[in-house]
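Here is the naming used below: chain letters follow the sequence lines, and residue numbers restart at 1 for every chain.
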Protein chains: 2
Amino acid sequence: MTTAPVTLKDVARRAGVHTGTASRALNPQTRSLVNPETATKVMRAADDLGYRPNPIARGLKTNRSFTIGVLVPDLTNPLFPPIVRGIEDTLATVGYTALLANSDNDPDKERLHFETMRSRQVDAFILATAQRDHPLIEDAIVADVPIVLVNRTVESTRAFAVITDDHRSAELAVTHLFELGHTKIAHIAGPERFSTGKARYHGFVDTMKKVGLKPDRTLIRASRAFTEREGATTFRKLLDGKGEFTAVFAGNDLIALGCYDVMTETGMRCPEDVSIVGCNDIPFLDKLRPPLTTIKIPHYEMGVRATQLVLEQLQSPSAEPVTVLLEPELVVRGSTCPPGR
Amino acid sequence: MTTAPVTLKDVARRAGVHTGTASRALNPQTRSLVNPETATKVMRAADDLGYRPNPIARGLKTNRSFTIGVLVPDLTNPLFPPIVRGIEDTLATVGYTALLANSDNDPDKERLHFETMRSRQVDAFILATAQRDHPLIEDAIVADVPIVLVNRTVESTRAFAVITDDHRSAELAVTHLFELGHTKIAHIAGPERFSTGKARYHGFVDTMKKVGLKPDRTLIRASRAFTEREGATTFRKLLDGKGEFTAVFAGNDLIALGCYDVMTETGMRCPEDVSIVGCNDIPFLDKLRPPLTTIKIPHYEMGVRATQLVLEQLQSPSAEPVTVLLEPELVVRGSTCPPGR
DNA sequence: CAGAATACTGCAAACGATTGCTGCACTAGA
DNA sequence: TCTAGTGCAGCAATCGTTTGCAGTATTCTG
C-alpha cells in the first residue's frame, strides 16, 4: 500500500462531481446541502480511494490546525504520562493530534515552547505547568487562545481548569492518620507557588483543627520542589528540628519517596517509627518497601476531562470559565500503622 | 500581545516589494537571489511588524512542517518517558516540535496515527513501536519517509535504528547469576515478535552455553506481552511446570514485577527462594521490596541519538542505513543472591 | 557599440481544501 | 401559464507561502 496522496480532486473526479460538492458531501456539517444520493456516492468514492483530508490545506483556509499544544513540567515525572495519555486518547477520537513539550518548570523554556506552538497554529493549549501566579496564562487569556489547565491551577478565576480536590486529599490523609491514633503529625508541603502545594497545605491545617489537633509550626516544612531529592532534604530538616512526630503527610509521592530514602539511611523503620502518607498514587507504589499509603487521584480522567473542556471551548469560544474538581481517594497500604508500635 | 496575524503580504507592502521577493529575502536559502539592500529592507520590515511565517501555508507548498512524528506503544510504560524526553529535548534545540501518539502495539491504531501524522506533513518519524516484521515500516521505507527506530528494531537491514545491545544485556544477566552460583536458570522471554524479546532470548541461550550450562526447554517461556500481568501469568506457568530453578532472568522489568506479584501471593521469598534479574532499569526499582537487580539501558540517550539520526537523514536523504548499538550495564541490587540460602 | 550575459524583481500558478455566490432544473402556488 | 421558490451542484475566489518563468535594466564582452 504505497501512499499516493489522494486529494479531494481525485475523489470528486471518481464520484463525477465538482470538488466543492465533494467537500460538502464529506463534511457532516454541510452534508445536508447536497443530495443524499450524491453524498453517498462521494463518500463511497472517498472510501474506495482511501481519502484522508489534508489538515494543512484545510487549516490554511479555516485557520485551524486540529492540533493541541500540551505543556508538562517533566514527562519523566510518573504523574504526567497517564494524564498525557488521557489527553491523547481523547484527542484521537476527534481527529486531533497533540504537540508535546516539557518546561522543567522554567518560565523561559515554557514561553519559548508556547510561542513555537502558537506559530504552528495550535488550536488550543492544555497546560500542566501552571503556577499560582502565571503571567503566560494571563497573556494567553487576553490574547484569546483557548487554554485549559490540568492538575494545577492559577489564582485567577478566569481560567478553565481540571484539578483534583487537593484540599480534600489532605483531609483524607490527616483523617486516616488521626483515626489510627496519631496526634503528632508533620507535613512536608510542596512548593507554595503551585496550587497543589498550597491547597494541600491548607487542607492539612484545616483538618488538623477540625479533628481537634493543633497544627505545629515546627512540624510543617515546605519542600522546594516536588521531587525525591528535595523531599529527602526537607525530611532531614524535619528530623533535625526539635518537634517530635509519629507520622508525616508528604506533599506528593515523590516527596514521600525522599522520606523513605532518609529513613533507610538512618535506620528508621516505616511505619513502626514513622507513618507516611503520600499523594497522587503514581504507579508501582504498591511494590515499595513498605507499600506506600497514599491518596489516589484520577490522572487519566483529568486528561480526558481537560480535553473535553478544550473541545467544548473550541466549539463555543465564549463559554464561561469552569473549573472541574475531581474526587481523590484514600488508598491504605503498608506505610501507616498506629503510633508507638 | 494581541493577535494581529501579520502576513507576508503586509511585510512586502511595507518594504515596497512583491511578496515573492519578500519570501526570497526572508529565506536564508534564497536570500542570495535578491539585492542585499532590498533584503535588509524586507528583513527590517518583517522585524518591525513582528512577522511570523505561517508554517501551515508554508507546509502546504513545501511539504515540510519542521515537525516529527513520535510513536510509542504506551507512554504509561515507564520505559518510554525518558526516551521521549531525549527526543524532545534534542528536537527543541533545532526548532522542531514532536507530535506524539500511542499505538498500544495495535497495528491498526498505529497505522491510523501514522497516516494522520503523515497528512499533517511531519518531516520524519521516530518509532518505538517496531515489531520484527513490520509492514508499516517497510511501506514507509519504500514511500521514502525518513524513519528512525528506537529501542526496538526490525529484521530488515534497510532501517535506521538506535537500540541497546539486547543480546549483551542477557549475557550480563546470565553471567551475574552464574557467578553467584546458579545453575538452574529460567528465562521469561518477551514476545518473540519484538527484537528485544528475541535478542534477549538468544543472548540467554548463547550465554548459558558459553558458561557451560545447558539451557532447559522447560525453563524458558515466552510472555505474551511486556507487562506485569503477562509476566505474572507466565511465571505461574513456570511454577506449574516440572522444571526446577533457583533464578530467573525476566524479559524486562515489568515482567520481573509480575514475578514479584506471584511470589508475594504464594509466599515465596525473593531472593532466598528465587533470584530475579530484570531488564531496562525503569525508575524506582531501587525502592522495591526487594530492590530489583536489573540491566540498565541508556533510555534518554537512545532518544537523543535517534533524533540526531533523523536530523542527519533530513539533511542528506540518501544516507545509508545505520543501526547504533548502545551498551547496557548490570545494576546489582537486592533481588539476587547465591542459590539455596 | 551591438549583442549577450547578469542581476534582480514581478507575475502568476501552484499546494488542497472551504465557501459565498450563481445558475439551473424542477415544483408549487396563483 | 407564469412567477416565485426550492434544492442542488458548479464556479471561482481564497487562505499564506513558495517558486518557475518572464521581463527589465544594467553590466560585460569583443
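Considering only heavy atoms from C-beta on, Leu314(A) comes within 4.5 Å of Tyr96(A) through its side chain.
Annotation for Asp48(B): atom CG counts as buried by contact number, over 12 foreign heavy atoms lying within 6.0 Å. Counting heavy atoms of neighbouring residues, nucleotides and ligands inside a 6.0 Å radius, atom CZ of Arg64(B) exceeds 12 of them.
In terms of the side-chain contact (heavy atoms from CB on, under 4.5 Å) criterion, residue partners of Gln121(B) (sequence neighbours excluded) are, by chain and number, Asn54(A), Ile56(A), Asn63(B), Ser65(B). Listed by chain and residue number, Pro53(A), Thr62(A), Phe66(A) satisfy the side-chain contact (heavy atoms from CB on, under 4.5 Å) test with Arg58(A) (two or more places apart in sequence, or in another chain).
With respect to Lys41(A) and Glu37(A), no salt bridge is recorded, no charged nitrogen being found less than 4.0 Å from a carboxylate O. Electrostatic pairing of Arg52(B) and Glu115(A) does not count as a salt bridge here, judged by no charged N lying under 4.0 Å from a carboxylate O. A salt bridge links Arg13(A) to Asp10(A): one of the charged nitrogens lies within less than 4.0 Å of a carboxylate oxygen. A salt bridge is absent between Asp89(B) and Lys109(A): the closest approach of a Lys/Arg side-chain nitrogen to an acidic carboxylate oxygen does not fall below 4.0 angstrom. We find that Arg85(B) and Asp104(A) are joined by a salt bridge, their nearest charged nitrogen and carboxylate oxygen being less than 4.0 Å apart. Electrostatic pairing of Arg111(B) and Asp139(B) counts as a salt bridge here, judged by a charged N lying under 4.0 Å from a carboxylate O.
Formation of a donor-acceptor pair under 3.5 Å by the Ser316(B) side chain with backbone atoms of Glu312(B) is found in this model.
Taking a heavy-atom distance under 4.0 Å as the criterion, the stretch of DNA chain D touched by chain A extends 5' to 3' from dC8(D) to dG16(D).
Mapping Asn63(B) and Val17(B) onto DNA chain C by nearest heavy atom places Val17(B) closer to the 5' end of the strand.
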Could you list, one pair per line, each protein nitrogen or oxygen that sits under 3.5 Å from a nitrogen or oxygen of nucleotides 5-8 of chain C, together with the distance?
from   : atom 1 : to       : atom 2 : distance (Å)
dC8(C) : O5'    : Asn35(B) : N      : 3.4

Pull out every protein N or O sitting under 3.5 Å from an N or O of nucleotides 17-20 of chain C, one pair per line with the distance.
from    : atom 1 : to       : atom 2 : distance (Å)
dA17(C) : OP1    : Tyr51(A) : OH     : 2.9
dA17(C) : OP1    : Asn54(A) : N      : 3.1
dA17(C) : OP2    : Leu8(A)  : N      : 2.3
dA17(C) : O5'    : Tyr51(A) : OH     : 3.4
dT18(C) : OP1    : Arg58(A) : NH1    : 3.3
dT18(C) : OP2    : Ser23(A) : OG     : 2.6
dG20(C) : O6     : Arg24(A) : NH1    : 3.3
dG20(C) : O6     : Arg24(A) : NH2    : 3.4

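Between its two ends, the helix from dC1(C)-dG30(D) to dA30(C)-dT1(D) turns its axis by 50°, counting five pairs per end and rounding to 10 degrees.
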